[in-house]
Amino acid sequence: MKVVMIGSGYVGLVSGACFADFGHDVVCVDKDSKKIDALHKNVMPIYEPGLDTLVQRNVDAGRLSFTTDLTEAVSGADAIFIAVGTPSRRGDGHADLSYVYAAAEEIAKAADDRTVIVTKSTVPVGTGDEVERICGETAPGKTLAVVSNPEFLREGAAIEDFKRPDRIVVGSEEEWAQDVMREIYRPLYLNESPILFTSRRSSELIKYAANAFLATKITFINEMADLCEKVGGNVQDVARGIGLDKRIGPKFLNAGPGYGGSCFPKDTLALLKTAQDNESPVRIVEAVVNANDLRKRAMARKVIAALGGEARGKKVALFGLTFKPNTDDMRDAPSIAVVQALTDAGADITAFDPEGMEEAAKLLPDVVMTDGPYEAASGAHAVVMMTEWDAFRALDLGRIANVMAGDALVDLRNVYNPEDVAKAGLSYSGVGR
Ligand code: NAD
C-alpha cells in the first residue's frame with residue numbers, strides 16, 4: 001500500500017515510520033522545510049526513544065521518504081492521513097481546525113480518484129463531514145472517502161503504542177474505504193490488535209471521551225491526594241487499594257502536579273466546547289478542567305510553603321520541565337505554570353531536564369538552564385521534582401543536600417522515599433503522603 005502522512009510531527013512521523021516498518025511504502029510530508037531537511041539528514045525534529053533507528057532502517061530499505069511537496073507525494077496513494085496539529089483556538093478554546101481544512105483542500109486537489117483520506121488528527125465530532133464537504137467542493141469529479149482514525153499513542157512510548165495498540169478505531173461506513181484501512185492495519189490485526197469499525201462521528205467522539213476519561217482519573221487521584229494531606233492518609237496506598245480493583249485499574253492513578261502536555265488540556269477543553277454548542281453539558285469534564293487549572297498554581301504554593309512561606313530572593317531548582325519523561329514536548333507542561341507562579345512570588349529558578357531544555361528555554365526565558373541536577377541544585381533553597389525522568393530516580397541525595405543553600409525537597413511525583421530524604425538531611429514534602 002502507498003500511504004502518505006500530511007504533517008510529520010509526533011503523530012505523523014511516528015505513524016509514518018511504523019507503517020513503513022510494516023512494509024508499506026510511506027511518504028511523510030511537512031510544510032516546515034526545516035523539519036524535512038533535518039529528516040533527510042536523519043536528524044529527528046522531536047525526541048522520541050527509538051525513532052531515529054526506526055526511521056533510518058526504513059529510509060535505508062527504501063520504504064520511507066520525506067518531502068515538502070504534497071502534490072507530488074499524494075500521487076498514486078491508497079490512503080492519505082491528515083496528522084496536522086489541532087491546537088486550542090486562541091480566545092475560545094475550540095479546536096483550531098484551520099490546519100486540517102487547509103490540508104484537506106490541498107489533498108483533494110492533488111489526490112487520485114478513489115483515494116481514502118484519513119483524519120488521524122484529534123478533531124471534534126462532525127469535522128469529517130466538513131472535510132468531506134471541502135473535498136466535494138474542491139474536487140467534485142473525484143470519489144474520495146473521508147475516514148476517521150484517531151491516534152492513541154503516548155509520547156515517550158509512541159512506537160510501542162503504535163505497534164501494539166489496545167485497539168484501532170476506524171470511523172467509516174464505506175466498505176471500500178474500510179477494506180483499504182483493514183489492509184493498512186493488517187500487520188497489527190495479525191498481531192491480534194482489535195480493529196473497531198464505527199460511524200465516523202462515533203470514532204471522532206471516542207478519542208475525546210478516552211482523553212477526558214483519563215484526565216478525570218488523574219484529577220480524581222489528585223483530589224484524593226489533597227484529602228490525604230488534610231486527614232493523614234497516603235495517596236499511594238489509596239491508589240493501590242483502588243487500582244487493584246479490576247473495574248478501576250491501576251493506571252493513571254499517580255498523584256502529581258496536574259495533567260499537561262499536547263493533548264489532555266486542549267482535548268478536554270475542546271470537548272467542553274462541543275458539549276456546550278450541542279447543549280449537552282459534560283459537567284464532570286468541566287470540573288476536571290477547572291480543578292486541573294487550579295492545581296498547577298497550588299503546586300507553586302506548596303513549594304513556597306516548603307520555603308517557609310516566602311519565596312522572594314530564594315532560589316528554586318526544578319528537576320525536569322517536560323510534561324512527562326522521555327519526550328521533549330513542552331506544550332502545556334505543568335512546569336510552565338509552576339515557574340510562572342514562583343517567579344511572580346519573587347523566586348529565581350534554575351532547572352535541568354534531560355531532553356526538554358531547548359524547547360523549554362523558548363517558553364521560559366528567565367529560567368537558568370544547567371548541565372545536570374547537581375548543578376541546578378547548587379545554591380538552591382528548594383529542589384522540586386517536577387518530571388519523573390529515570391535520571392532523577394537514583395540521585396545522591398547527600399550530595400544534593402551539600403550543594404544546596406536550603407533544605408527543602410518538594411517531590412511533586414512521589415518518587416523519593418521520605419525516610420531517605422530525611423536521612424540526607426533534607427526536609428521532604430510530597431503529594432498526598
Ligand atoms: P505536531 O505539531 O507535532 O505536528 C504537526 C505537523 O503538521 C507540523 O510539523 C506542521 O508543520 C505540519 N503541518 C501543518 N499543516 C500542514 C500542511 N498543510 N501540510 C503539511 N504539513 C503540515 O502535532 P502532533 O503532536 O503530531 O499532533 C497532531 C495531531 O495528532 C493533533 O490533532 C493531536 O491532537 C493528535 N494527537 C497527538 C498525540 C501526541 O501525543 N502528540 C497523540 C494522539 C493524537
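When a ligand or atom number is given, it counts from 1 through the structure's own listing order. Counting from 1, the numbers follow the sequence of the chain as shown.
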Notebook entry, point to check: Does any N or O in the side chain of K2 come within less than 3.5 Å of the main-chain N or O of D78, such that one atom is a donor and the other an acceptor?
Noted result: no

For [atom], find the nearest protein heavy atom and state the residue, atom name and distance (0.1 Å precision).
| atom | result |
| --- | --- |
| atom 27 (O) of ligand 1 | V11 CG2, 4.2 Å |
| atom 25 (O) of ligand 1 | R331 NH2, 2.8 Å |
| atom 41 (N) of ligand 1 | E155 OE2, 2.7 Å |
| atom 42 (C) of ligand 1 | L153 O, 3.6 Å |
| atom 43 (C) of ligand 1 | E151 O, 3.2 Å |
| atom 12 (C) of ligand 1 | D30 OD2, 3.2 Å |

Using a strict 4.0 Å cut-off to heavy atoms of [X], name the atoms of ligand 1 that fall inside it.
| X | result |
| --- | --- |
| K266 | 33 (C), 34 (O) |
| S262 | 39 (C), 41 (N) |
| E106 | 18 (N) |

Please determine if [X] and [Y] form a salt bridge, counting it only when a charged side-chain N lies under 4.0 Å from a carboxylate O.
| X | Y | result |
| --- | --- | --- |
| E106 | K109 | no |
| E204 | K207 | no |
| D344 | R297 | yes |

Checklist line | R154 near ligand 1 by a heavy-atom separation under 4.0 Å | finding: no

Geometric N/O contact [X] with ligand 1, under 3.5 angstrom:
| X | value |
| --- | --- |
| S8 | no |
| T86 | yes |
| K207 | no |
| L70 | no |

Checklist line | Residues forming a ring pair (Phe, Tyr, Trp, His ring centres under 6.0 Å) with Y185, sequence neighbours excluded | finding: F19

Check: Parallel, tilted or perpendicular: which fits the ring planes of F392 and F352, with parallel below 30° and perpendicular above 60°?
Finding: perpendicular

Notebook entry, point to check: Can you check side chain to side chain contact (heavy atoms under 4.5 Å, CB included) on E48 and D328, steps first, answer last?
Noted result: CA-CA 8 Å; E48 181 62 44; D328 60 351; over 6 Å; no

